[in-house]
Amino acid sequence: KQEVTQIPAALSVPEGENLVLNCSFTDSAIYNLQWFRQDPGKGLTSLLLIQSSQREQTSGRLNASLDKSSGRSTLYIAASQPGDSATYLCAVPSGSARQLTFGSGTQLTVLP
Amino acid sequence: DTAVSQTPKYLVTQMGNDKSIKCEQNLGHDTMYWYKQDSKKFLKIMFSYNNKELIINETVPNRFSPKSPDKAHLNLHINSLELGDSAVYFCASSQTGYNSPLHFGNGTRLTVT
């Protein structure tokens, strides 16, 4: 059974810092890994999807990497801004019907 | 706006009642999902529909039943509500295919008293 873990559970940084969020998964036979952002009272917004054949994906100040063999992914946020404050979740599809298994998220606070 | 929309945003009801949550997507996706987020913020799949067929069904109580009148809608019906059903329920959609990202609605916060 796929298990997804995110460390740390919460992170607080001053504005302008670069930071890394971590995600690990137990079953390396994945098709892709997705990173989402969740704002309070809102749904999830898909940030990046890395296919299993890819090593990384970039979108603006965000860079996600994937190491299937070690069961790890990282989300790098450059030059963090207060608007980046949110909960970040990673998820992998598992099972024959590709249901997403989510991590518990990292709550990020960027202080002005 | 193209989006996944679900109603209502908040739902407060008493134990034993029956309630429904509606979801619609205008993204042209062919697969829709219901997820439950509990008080510890864990998101777990409940159901998904592809071309009007239920393709996965996690071990949720049969008091929960998805209804899909067409591929743009997936409603969630809950019978005989219990206190433990209190959670945030999210609708989502995607195209078929392992590498299609999911698009989520803003959630329905259900409180059972």
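Because only heavy atoms are used, hydrogens play no part in the values below, and waters and symmetry mates are left out as well, while side chains stay in. Chain letters run A, B, ... following the sequence lines, proteins first and then strands; every chain starts at 1.
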> If I compare all heavy atoms of B:Leu102 with all of A:Gln34, which pair ends up nearest, and what's the gap?
N-OE1, 3.5 Å
> Hey, which residues of residues 62-73 of chain A are touching chain B, say heavy atoms under 4.5 Å apart?
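Not one residue of residues 62-73 of chain A has a heavy atom under 4.5 Å from chain B.
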> Working note: B:Tyr35 + A:Leu100, criterion side-chain contact (heavy atoms from CB on, under 4.5 Å); need CA distance, chi angles, decisive distance, verdict.
CA-CA 10 Å; B:Tyr35 282 82; A:Leu100 283 183; 3.3 Å; yes
> Which bit of B:Gln37 is near chain A, if near means a heavy-atom gap under 4.5 Å: side chain, backbone, both or neither?
side chain
> Which residues in residues 102-112 of chain A have any heavy atom closer than 4.5 Å to a heavy atom of chain B?
A:Phe102, A:Ser104
> Please check if atom CZ in B:Phe42 has more than 12 non-hydrogen atoms from other residues, nucleotides or ligands closer than 6.0 Å.
no
> Write out, in numerical order, the residues from residues 36-49 of chain A with a heavy atom short of 4.5 Å from a heavy atom in chain B.
A:Phe36, A:Gln38, A:Gly41, A:Lys42, A:Gly43, A:Leu44, A:Ser46, A:Leu49
> Is there a path of hydrophobic side-chain contacts, each under 4.5 Å between heavy atoms of I, L, V, M, F, W or Y residues, that connects B:Leu54 with B:Ile21?
yes
> Do B:Met15 and B:Tyr10 sit in the same hydrophobic cluster, where Ile, Leu, Val, Met, Phe, Trp and Tyr count as joined when their side-chain heavy atoms come under 4.5 Å apart?
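Different clusters.
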> Under a 4.5 Å heavy-atom cut-off, does chain A meet the side chain of B:Lys44, its backbone, both or neither?
neither
> Quick one: name the residues clustered hydrophobically with A:Val20, using the 4.5 Å side-chain heavy-atom rule over I, L, V, M, F, W, Y, and just say none if it's on its own.
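In the cluster with A:Val20 are A:Tyr76.
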